[in-house]
There are 2 protein chains.
Amino acid sequence: MTIRHETAPMPAAPLRLAEVAARAGVSESTVSRVLRNIGPIAEATRVAVLKAAEELGYVPNRLAGALASTGSALVGVVVPSLDNIVFAEVLRGVTERLEEAGLQAVIGVTGYDLAREERIVSALLAWRPRGIVMAGIDHTPRLRDLLAANGTAVVEMMDIDGAEPALDRRVGLSHGAAGAAMAAHLVARGHRRFGYVGHDISRDIRARKRLDGFAAELARRGAVLVAEEMVAGPSSVAAGRAGLAALLAAHRDLDAVYFSNDDMAVGGYFHCEANGIRMPGDLAIAGFNGLDIGQELPRRLTTVRSPRYRIGQLAAEQILTRQEAAEDMAKPATIDVGFELIAGETA
Amino acid sequence: MTIRHETAPMPAAPLRLAEVAARAGVSESTVSRVLRNIGPIAEATRVAVLKAAEELGYVPNRLAGALASTGSALVGVVVPSLDNIVFAEVLRGVTERLEEAGLQAVIGVTGYDLAREERIVSALLAWRPRGIVMAGIDHTPRLRDLLAANGTAVVEMMDIDGAEPALDRRVGLSHGAAGAAMAAHLVARGHRRFGYVGHDISRDIRARKRLDGFAAELARRGAVLVAEEMVAGPSSVAAGRAGLAALLAAHRDLDAVYFSNDDMAVGGYFHCEANGIRMPGDLAIAGFNGLDIGQELPRRLTTVRSPRYRIGQLAAEQILTRQEAAEDMAKPATIDVGFELIAGETA
DNA sequence: AGCATCTATGCAAGCGCTGTCATCCATTAT
DNA sequence: ATAATGGATGACAGCGCTTGCATAGATGCT
């Protein structure tokens with residue numbers, strides 16, 4: 001015997017296409033065609049079917065639909081983290097664009113762990129998604145093989161630096177160039193002795209690329225990266241604050257400090273503010289991302305803006321247009337969305 | 001004729017259970033059982049099957065699996081926004097917990113629009129998800145009907161205040177109580193003349209509930225809510241900053257200002273800092289959420305912490321345990337995770 | 001009128017799995 | 001030795017939908 005909660009009205013009526021067809025007095029195929037808007041349908045039939053479906057509260061079973069037609073309306077989206085507003089914004093761009101096209105995002109979070117990324121993508125592939133959107137261009141060899149053998153549309157987001165060939169399409173920016181641009185800017189402002197405060201850079205590959213670009217450009221311009229302070233764990237305001245404190249304790253003679261991103265830089269900003277260190281007079285600070293919070297500080301943070309929402313949208317678009325473009329070599333496989341240096345008031 | 005990109009090795013081999021079965025020299029059912037770890041299987045067979053699957057790079061088709069067995073490993077997750085770190089954290093809690101159980105989240109973003117929520121949930125239902133997790137307890141009547149008739153497991157997150165009966169399970173906190181708690185705290189600190197700065201409260205129902213609870217408690221304690229400043233659009237640091245500026249321009253005699261959330265409050269904090277207004281001496285400010293950023297400010301923000309990650313985890317858990325608990329009335333339909341008032345340094 | 005065209009609809013064969021039932025050996029018990 | 005047990009596997013009928021092909025009126029054209 002089954003006891004049902006009073007508020008649950010019906011035994012979860014397994015409503016099928018057949019029920020709608022019966023009620024509308026037509027065949028299943030006709031209902032299917034009406035619901036998907038394909039083929040020629042008499043207006044009277046269309047109306048009757050729509051009415052029947054509406055009255056019954058019919059919700060088509062997309063699992064069956066996808067199975068029958070090969071190709072689901074699902075898109076896998078893999079991001080490294082959701083602690084940070086950055087990927088949430090990318091995700092928003094992706095989901096919004098997908099929604100317009102009637103597709104849905106299945107998400108996975110890797111925690112910046114490539115092995116986990118491999119597992120997650122593999123699991124995502126089981127839904128035969130229309131495509132996979134993932135952050136970063138660095139993957140395990142096994143994942144590369146899997147995706148290649150699979151033939152699924154793949155978009156790698158955020159990053160475009162790297163020797164590895166693109167899996168399929170790329171939408172992002174050069175983090176090396178972004179780091180270099182900031183180095184150039186800071187040197188032009190007269191700073192010479194630099195420090196760096198970062199978070200766990202072995203995992204955040206793009207932060208490392210920025211640092212590498214930054215350091216290389218400093219060297220080229222005759223400035224020097226005196227010290228690097230790496231804080232364990234993910235980036236955060238607290239880590240940035242603690243990191244700067246530690247860095248300055250060991251090195252009193254720095255002109256400027258580059259942070260792995262804006263969260264960290266805002267932490268540095270607060271450290272300065274709390275300790276009477278004037279920016280940029282006593283110390284210049286700079287970040288990366290162009291987060292709103294940095295631009296609302298009493299002194300606007302000097303940083304590089306990455307078009308995150310746009311990247312998300314473009315990535316989704318790549319999946320959407322992939323069919324037409326499959327053999328169209330005119331479409332570039334890599335889209336560089338660029339970045340914008342924000343010359344704030346902290347450097 | 002089809003031209004393939006050189007890097008795409010194979011014509012997307014439609015690898016099926018049958019291929020694996022053939023290679024392992026067993027039947028499809030056996031492969032299926034091995035892969036799902038059910039029924040008695042000879043060790044030699046298991047090894048052979050696993051080997052074949054591995055070598056072929058077989059990824060099972062979950063669409064087919066779900067269709068055949070009724071019940072997909074998908075869970076719909078609906079949040080109002082991703083601009084704000086709050087829902088990103090909830091989402092992280094949900095996805096992490098689901099991942100442990102081998103389920104995957106399909107997400108939808110409503111933009112605080114109930115009509116859109118209805119459409120999104122309806123689309124999600126098409127995947128015959130194991131359950132639906134959504135933020136908020138206020139929905140369109142049609143959506144309530146749809147979910148009730150459908151029998152899907154539903155978890156409403158974040159909020160537990162409301163006359164409407166729960167659709168199924170709830171995990172959240174009382175925003176009215178949170179608002180009241182802050183009012184009590186601020187009055188106890190000696191503040192009497194209050195202001196409020198909020199964002200588009202017609203959409204953010206929970207912010208409204210906090211305000212209502214706050215105002216009611218103030219009245220009960222003999223304090224007065226002098227003015228409310230509503231900034232159009234979503235909450236943001238910029239909106240909080242502008243809102244406080246506007247509020248103070250019109251009302252110079254306020255003791256304390258309650259903000260719709262921490263993003264807004266941080267904006268207010270920056271306004272004070274930039275204008276030489278001392279906190280809490282000249283003006284007390286308080287927010288809601290307990291975001292990290294607020295706790296890293298030079299003066300810790302007075303706020304109420306909501307256990308967002310935990311809510312996400314618990315919500316996912318409700319879906320996971322729903323089966324066993326289906327007839328178990330012992331399990332409460334509503335879980336109140338509570339909140340914690342953080343007596344910071346700004347009030 | 002007679003035939004080619006359309007337009008509108010139905011039929012039936014799958015899509016790739018799962019789950020039930022039957023089958024077939026090995027064991028162990030009697 | 002023979003029956004009773006149980007472990008291991010295969011056959012096969014779907015799950016709910018899509019889609020190519022067939023069918024059948026309704027026109028249009030000569």
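Chain letters run A, B, ... following the sequence lines, proteins first, then strands; residues in each count from 1. The figures that follow rest on heavy atoms only: side chains count, while hydrogens, waters and symmetry mates do not.
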- Query: Would B:Y58 and B:L35 count as a side chain to side chain contact (heavy atoms under 4.5 Å, CB included) if you check the C-alpha gap in whole Å, the side-chain angles of each, and the deciding distance to 0.1 Å?
  - Reply: CA-CA 11 Å; B:Y58 174 69; B:L35 263 23; 3.7 Å; yes
- For A:R128 and A:L67, indicate whether the former's side chain and the latter's backbone hold a donor-acceptor pair under 3.5 Å. no
- Mark yes or no for whether B:R130, through its side chain, and B:L74, through its backbone, hold a donor-acceptor pair below 3.5 Å. no
- Rounded to whole angstrom units, what separation is found between the CG atom of A:N61 and the P atom of D:dT18? 9 Å
- Item | Any donor-acceptor pair under 3.5 Å from A:S32 side chain to A:E28 backbone | no
Write out a two-atom table: protein N or O, nucleotide N or O from nucleotides 22-24 of chain C, distance below 3.5 Å.
none

- Message: Taking B:L167's backbone N and O only, do any of them form a donor-acceptor pair with B:E156's side chain (distance below 3.5 Å, no angle check)?
- Response: yes
- May I have the distance from B:L17 (atom CG) to C:dC15 (atom P), rounded to whole angstrom? 14 Å
- Message: If you assign B:S69 and A:A66 each to the DNA chain D nucleotide with the nearest heavy atom, which residue ends up on the more 5' nucleotide?
- Response: B:S69
Compile the donor-acceptor pairs under 3.5 Å between side chains in residues 37-47 of chain B and protein atoms, sequence neighbours left out, one pair per line.
unit_1 : atom_1 : unit_2 : atom_2 : d
B:N37  : OD1    : B:R46  : NH2    : 3.2

- Item | Between P of D:dG16 and CZ of B:R128, the distance in whole Å | 9 Å
- Double-helix bend of the helix from C:dA1-D:dT30 to C:dT30-D:dA1, axes at both ends from 5 pairs, round to 10°, gives 40°
- Query: Can you list, by residue number, the residues of residues 36-58 of chain A that have a non-hydrogen atom closer than 4.0 angstrom to DNA chain D?
  - Reply: A:R36, A:Y58
- Message: Quick check: closest heavy atoms across B:L63 and A:W127, and the distance to 0.1 Å?
- Response: CD1-O, 3.7 Å
- Item | Audit row: A:E99, B:I120, side chain to side chain contact (heavy atoms under 4.5 Å, CB included) steps and yes/no | CA-CA 9 Å; A:E99 196 201 328; B:I120 288 175; 4.2 Å; yes
- Query: With A:Y309, which of A:E89, A:E96, A:R92 fulfils side chain to side chain donor-acceptor pair (under 3.5 Å)?
  - Reply: A:E96
Give me the distances for all protein-to-nucleotides 25-27 of chain C N/O pairs that come in under 3.5 Å?
none

- Is the number of heavy atoms from other residues, nucleotides or ligands under 6.0 Å of B:R310 CZ greater than 12? no
- Message: Let me confirm one number: the CZ-OG1 distance from B:R169 to B:T321, rounded to the nearest 0.5 Å.
- Response: 5.5 Å
- Message: Between B:E54 and A:R142, does any NZ, NE, NH1 or NH2 come within less than 4.0 Å of an OD or OE carboxylate oxygen?
- Response: yes
- Query: Given C:dC17, D:dC15, C:dG19, which nucleotide is nearest the side-chain atoms of B:L67?
  - Reply: D:dC15
- Check: B:L114 main-chain N/O paired with B:T140 side-chain donor or acceptor under 3.5 Å: no
- Query: What is the distance from CZ of A:R62 to C1' of D:dC15, rounded to the nearest Å?
  - Reply: 18 Å
What does the list of N/O pairs under 3.5 Å between the protein and nucleotides 10-12 of chain D look like, with a distance for each?
unit_1 : atom_1 : unit_2 : atom_2 : d
D:dG10 : OP1    : B:S27  : N      : 3.4
D:dG10 : OP2    : B:S27  : N      : 2.7
D:dG10 : OP2    : B:S27  : OG     : 2.7
D:dG10 : OP2    : B:T30  : OG1    : 2.5
D:dG10 : O5'    : B:S27  : OG     : 3.4
D:dG10 : N7     : B:R33  : NH2    : 2.8
D:dG10 : O6     : B:R33  : NH1    : 3.4
D:dA11 : N7     : B:S29  : OG     : 3.4
D:dA11 : N6     : B:S29  : OG     : 3.3

- Indicate the atoms forming the closest heavy-atom contact of A:T110 with A:P80, along with that distance. OG1-CA, 3.1 Å
- Note on the structure: Heavy atoms of A:S81 and A:F87 approach each other most closely as O-CB, 3.2 Å
- Is it true that A:R23 and A:E19 have a side-chain N and a carboxylate O under 4.0 angstrom from each other? no
